[in-house]
*Asks:* 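Just passing along the structure, written as structure tokens.
Computation of the quantities below employed the complete heavy-atom set of this structure, encompassing side-chain atoms and omitting hydrogens, waters and symmetry-equivalent molecules.
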Amino acid sequence: MSSRTKMLTRRAMLAAGTAGLLGVRAKAVVSDASLRVRAAKRGMLYGTCAGSYQLRDGEFADVLAYEANAMVPEYELKRDTLEPRPGVFDFSGADALTDFAHAHGMKMRGHTLVWYAANPPWLEAAVTAAKNEAVFADYIASVMGRYRGRIASWDVVNEAVWPQDGRSDGLRDCCWLRRFGPGYIDSAFDAARRADPSAQLVYNDWGCEGAERWNDDFRKHTLKLLEGMKKRGVPVDAYGMQGHFRAYRPGGTLDASKLKAFLAEIRALGYRLVVSELDVDDDGGPADAKVRDAKVADITARFLAPVMESGICDAILTWGLTDRYLRGKIIPQDMWISLPRKLPLDASLRRKDMWWALAKAFR
Ligand code: XIL
């Protein structure tokens with residue numbers, strides 16, 4: 001029996017095993033089809049971020065390939081990992097993840113090319129001293145050029161809105177803005193379109209999900225940014241809505257009517273939507289994991305309902321598939337009990353209420 005057949009069999013057994021474990025729940029949903037199968041039936045993608053170190057965890061790699069038809073590097077396409085020294089690149093992690101994705105029929109996302117964070121220590125001074133936009137335009141050309149045709153969607157600019165910095169345009173006061181003005185955002189997308197005309201170009205951010213007044217302000221500034229880019233003919237295809245929630249801490253609220261209205265504006269502007277980093281942190285919740293899991297699933301369901309109703313969502317990616325890893329580390333089994341439970345599978349790769357909330361969203 002070929003290794004691939006073995007893997008498929010193993011995966012099928014795994015799925016059946018999971019179904020068996022959760023037999024009582026399986027009745028609630030027509031089948032135990034994976035999230036990637038359910039998403040594909042809606043013409044969508046379900047995926048997750050991952051680190052190349054995780055691919056060495058065989059049982060995780062099997063479940064990853066079984067459940068997801070999209071993947072994004074959690075950190076291995078960020079500039080601090082890619083270009084630790086000027087002009088010296090390390091693509092090994094991104095290559096491993098991209099090869100794995102293509103070997104398992106998954107679409108790859110790229111994250112992220114221009115951001116205020118995760119930059120190598122040498123970059124800020126280089127930006128400040130930069131004579132022109134080559135400091136990001138050449139980087140975009142090099143990185144996107146390497147994966148041309150192999151990475152289907154890119155977070156070109158990440159988290160450029162931050163009204164809390166007090167600017168009238170609500171933009172974040174970061175090194176890129178200080179050196180090049182607001183135009184750095186347009187230029188980054190122009191460079192990205194030139195680098196890979198086939199890629200979906202995404203403006204990715206968080207802050208528009210919640211129900212608080214600061215979220216209202218965030219949505220207003222985000223829509224102004226996206227509307228301006230559309231008017232100037234800037235090549236942005238989609239809004240990436242990260243979807244980080246907290247179930248028990250302040251700032252975890254969600255108002256479906258505000259979300260629906262916001263997504264209707266995104267649609268009216270002609271953008272597609274990518275839910276790019278969905279997770280629901282259960283920190284601060286009660287000791288009973290069942291209660292926390294149910295709350296996490298409830299927030300997931302209440303967020304995805306307006307997302308699915310918008311009719312513009314191409315992909316839903318969670319910011320991790322299993323609770324087993326934390327900040328780039330494999331956590332020893334005896335510590336799994338203490339881990340956050342903010343993702344679809346628990347540390348033993350069993351489907352949690354959040355998994356079922358995603359499954360129902362794709363129904
Ligand atoms: C996070 C990673 O998950 C962490 O491991 C890392 O320490 C910091 O960055 N918005 C983003 C993601 O766009 O890149 C961030 O990922 C989470 C917030």
Side-chain angles (χ1 to χ4, degrees), residues 48-49 111-112 115-117 155 157-174 202-227 238-269 271-286 291-313 315-320 340-344 353-354 357-358 360-361:
T48 176
C49 74
H111 174 80
T112 180
W115 191 20
Y116 74 90
D155 292 338
V157 173
N158 196 37
E159 302 183 357
V161 172
W162 193 245
Q164 291 87 325
D165 281 343
R167 287 176 54 95
S168 59
D169 57 13
L171 292 181
R172 183 184 297 274
D173 178 21
C174 65
V202 179
Y203 170 69
N204 192 54
D205 209 338
W206 66 286
C208 293
E209 298 87 348
E212 325 278 322
R213 286 188 51 74
W214 76 270
N215 301 114
D216 297 337
D217 196 36
F218 214 104
R219 282 185 281 268
K220 184 187 75 178
H221 285 296
T222 301
L223 288 170
K224 257 179 10 192
L225 171 67
L226 293 171
E227 185 177 17
Y239 173 61
M241 189 175 209
Q242 291 183 8
H244 293 296
F245 289 93
R246 292 182 290 196
Y248 297 99
R249 293 284 184 223
T253 53
L254 187 150
D255 177 317
S257 58
K258 290 185 175 181
L259 262 181
K260 261 178 93 167
F262 173 70
L263 294 175
E265 298 259 16
I266 295 287
R267 180 184 178 132
L269 287 170
Y271 289 105
R272 300 296 294 174
L273 177 73
V274 173
V275 171
S276 52
E277 307 182 13
L278 176 59
D279 57 17
V280 184
D281 197 334
D282 64 335
D283 182 41
V291 172
R292 302 202 309 270
D293 287 356
K295 175 86 172 173
V296 164
D298 174 57
I299 291 172
T300 301
R302 289 193 294 119
F303 172 57
L304 294 183
V307 162
M308 296 302 286
E309 279 164 36
S310 73
I312 60 172
C313 187
I316 296 173
L317 288 92
T318 47
W319 203 239
R341 295 175 64 88
K342 55 187 185 178
L343 295 168
D353 294 350
M354 185 182 185
L358 280 154
K360 284 179 190 148

*Asks:* Do Asn204 and Glu277 have side chains that approach each other closer than 4.5 Å (heavy atoms only, starting at C-beta)?
*Replies:* yes
*Asks:* Within a strict 4.5 Å, meaning less than it, do heavy atoms of the Val275 and Cys313 side chains meet?
*Replies:* yes
*Asks:* Could you tell me the separation between the OH atom of Tyr271 and the CG atom of Leu223, rounded to the nearest 0.5 Å?
*Replies:* 9.5 Å
*Asks:* Within a strict 4.5 Å, meaning less than it, do heavy atoms of the Thr318 and Asp279 side chains meet?
*Replies:* no
*Asks:* Output the distance between atom CG (Asp155) and atom OG1 (Thr112), rounded to the nearest 0.5 Å.
*Replies:* 5.0 Å
*Asks:* Is the distance from the ring center of Tyr239 to that of Phe262 below 6.0 Å?
*Replies:* yes
*Asks:* Out of curiosity, Asn215 CG to Cys208 SG, how far, rounded to the nearest 0.5 Å?
*Replies:* 7.5 Å
*Asks:* Verify, without hydrogens or angle tests, whether Arg172 (side chain) and Tyr116 (backbone) share a donor-acceptor contact under 3.5 angstrom.
*Replies:* no
*Asks:* Please say which of Asp293, Asp283, Asp282 ends up in a side chain to side chain donor-acceptor pair (under 3.5 Å) with Arg341.
*Replies:* Asp293
*Asks:* State, with a plain yes or no, whether a side-chain heavy atom of Val157 is found less than 4.5 Å away from one of Trp115.
*Replies:* no
*Asks:* Using 4.0 Å as the upper bound for N to carboxylate O, is an ion pair formed by Asp298 and Lys295?
*Replies:* no
*Asks:* Looking at Asp169 and Lys224, does any basic side-chain N land under 4.0 Å from a carboxylate oxygen?
*Replies:* no
*Asks:* Show, in sequence, the C-alpha distance, side-chain angles and deciding distance for Gln242 and Glu209, and conclude whether the side-chain hydrogen bond (donor to acceptor under 3.5 Å, both in side chains) test is met.
*Replies:* CA-CA 8 Å; Gln242 291 183 8; Glu209 298 87 348; over 6 Å; no
*Asks:* Can you name the nearest heavy-atom pair linking Ala357 to Ala297, along with the distance?
*Replies:* CB-O, 3.6 Å
*Asks:* Within a strict 4.5 Å, meaning less than it, do heavy atoms of the Trp319 and Lys342 side chains meet?
*Replies:* no
*Asks:* Ignoring hydrogens and geometry, is there a side-chain-to-backbone donor-acceptor pair from Arg267 to Leu273 under 3.5 Å?
*Replies:* no
*Asks:* What I'd like to find out is whether the side chain of Leu343 reaches to under 4.5 Å of the side chain of Val296, using heavy atoms alone.
*Replies:* no
*Asks:* Short question: side chain of Arg292, backbone of Pro286 - any donor-acceptor pair under 3.5 Å?
*Replies:* yes
*Asks:* Considering residues at least two apart in sequence or located in another chain, which fulfil the side chain to side chain donor-acceptor pair (under 3.5 Å) criterion with Asp281?
*Replies:* none
*Asks:* Answer yes or no: is there a side-chain heavy-atom contact under 4.5 Å between Thr253 and Glu212?
*Replies:* yes
*Asks:* If we only count heavy atoms from C-beta on, is the Ser276 to Met241 side-chain gap below 4.5 Å?
*Replies:* no
*Asks:* Report the C-alpha separation of Lys258 and Asp216 in whole Å, then their side-chain angles, then the decisive distance to 0.1 Å, and conclude whether the salt bridge (charged side-chain N to carboxylate O under 4.0 Å, His left out) test is met.
*Replies:* CA-CA 8 Å; Lys258 290 185 175 181; Asp216 297 337; 3.1 Å; yes
*Asks:* Looking only at atom types and distance, does a side-chain atom of Tyr203 sit under 3.5 Å from a main-chain N or O of Thr222, one as donor and one as acceptor?
*Replies:* no
